[in-house]
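Right, one structure below, let's go through it.
These numbers come from a predicted model, not from an experiment.
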There are 2 protein chains.
Amino acid sequence: MSYKLNLDKLDFQIIQEMMENAEISYADLGKKLFVSGGTIHVRIKKLEECGVVKGTRLSVDLKALGYDVIAFIGIFLEKSSLYDTVAKELRKIPEIVRLNYTTGNYSMFAEVVCKDIKQLRFVLHDELQKIKGIERTETFISLDESLNRNVVVVGE
Amino acid sequence: MSYKLNLDKLDFQIIQEMMENAEISYADLGKKLFVSGGTIHVRIKKLEECGVVKGTRLSVDLKALGYDVIAFIGIFLEKSSLYDTVAKELRKIPEIVRLNYTTGNYSMFAEVVCKDIKQLRFVLHDELQKIKGIERTETFISLDESLNRNVVVVGE
DNA sequence: ATTGAAAGAGTCTCAGT
DNA sequence: ACTGAGACTCTTTCAAT
């Protein structure tokens with residue numbers, strides 16, 4: 001399915017560093033990895049062209065912005081085949097930030113970010129319940145997020 | 001707990017734009033939002049100082065890097081009070097990228113990113129099972145990720 | 001608080017190795 | 001494929017409003 005990309009140790013090191021902090025200059029990153037800034041530049045350009053690097057995103061503290069409630073929702077479908085149509089409806093709800101089709105107990109798994117419990121209640125009760133094909137849902141509200149990081153990427 | 005931050009519409013607009021694409025120049029973003037590049041600069045500096053903006057991160061295609069398997073793990077603890085000690089152990093496992101203490105069925109909820117099923121099996125069987133305090137786990141393997149985006153942030 | 005311009009720092013290109 | 005230097009663009013500072 002996916003092409004055989006020829007990434008070496010340096011490519012993985014660059015990705016690892018910049019996944020945590022994309023603001024570092026090419027010159028500084030080059031020093032850290034014992035190559036020139038020019039080489040870092042060439043590698044990043046290659047990684048962008050082959051689609052491995054998709055861009056850079058601002059990392060924000062959602063709590064500080066008033067988004068205090070994170071919840072996970074396990075969704076049971078009436079029929080598994082309804083996945084695509086239900087996913088299409090769920091996509092329209094801006095509070096839903098992530099959606100996965102999963103094996104196991106639930107048919108789908110969603111993550112919701114809200115300002116408060118009132119808004120979560122609105123999403124669960126008003127938005128979700130009117131979507132055809134959803135049998136029932138189970139909600140897990142996050143009381144504490146103890147970890148949120150990137151995976152450690154390594155070559156073979 | 002958190003300070004009353006005085007963020008206006010412009011702050012929220014800047015955050016919204018840069019959550020998706022942090023590479024845009026201050027001048028271009030200023031044009032888009034009808035202010036000068038200097039104003040964008042002042043606002044971002046303010047947002048960094050008050051901790052709302054934590055930095056920028058490279059967005060990568062994990063599948064292209066060979067990380068094909070995303071799984072969610074519901075964890076049942078023997079006692080809820082074991083949360084901190086179990087979280088400390090789970091933190092040591094690099095494949096675990098996210099960990100939440102939740103209400104509902106499970107005590108904790110983890111997300112795992114692996115190269116293949118073999119590696120997932122290793123995490124579940126060898127790493128997780130030897131942690132004291134975990135009663136049992138339920139695993140949900142993602143067959144398809146249909147959505148992964150940022151929440152839409154708005155002021156009051 | 002916002003602006004525009006000048007100074008400083010970083011990115012990008014390219015010829016040489 | 002890597003390097004270093006020059007051209008170019010962006011960030012950062014600051015005086016004026």
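Between chain A and DNA chain D, the heavy-atom contact criterion of under 4.0 Å yields a 5' to 3' nucleotide range of dC2(D) to dT3(D).
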Classify every nucleotide of nucleotides 6-17 of chain C by which part a protein heavy atom approaches to under 4.0 Å, writing B for the base, S for the sugar-phosphate alone and - for neither, in 5'-to-3' order.
----SSBB----
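More than 12 heavy atoms of other residues, nucleotides or ligands shown are found within 6.0 angstrom of NZ on Lys54(B).
A donor-acceptor pair under 3.5 Å is absent between the side-chain atoms of Thr137(B) and the main chain of Ile73(B), judged by distance alone.
Other cluster members for Phe122(A): none, since no ILVMFWY side-chain heavy atom sits under 4.5 Å from it.
Relative orientation of the Phe109(B) and Phe72(A) rings is parallel, given thresholds of 30° and 60° on the angle between their planes.
The residues Asp126(A) and Arg121(A) are annotated as not salt-bridged, no charged nitrogen and carboxylate oxygen being separated by less than 4.0 angstrom. Using a cutoff of 4.0 Å between basic side-chain nitrogens and carboxylate oxygens, Glu138(B) and Arg136(B) are scored as salt-bridged. Salt bridge Lys63(B)/Asp68(B): absent, no basic N to carboxylate O contact under 4.0 Å. Comment: Glu89(B) engages Lys92(B) in a salt bridge, judged by a side-chain N to carboxylate O separation of less than 4.0 angstrom.
Between the NZ atom of Lys9(B) and the C1' atom of dA1(C) there is a distance of 18 Å, given to the nearest Å. When rounded to the nearest whole Å, the span between CD1 of Ile40(B) and C1' of dA1(C) equals 13 Å.
The phosphate of dG4(C) has neither OP1 nor OP2 within less than 4.0 Å of any side-chain N or O from Ser36(B).
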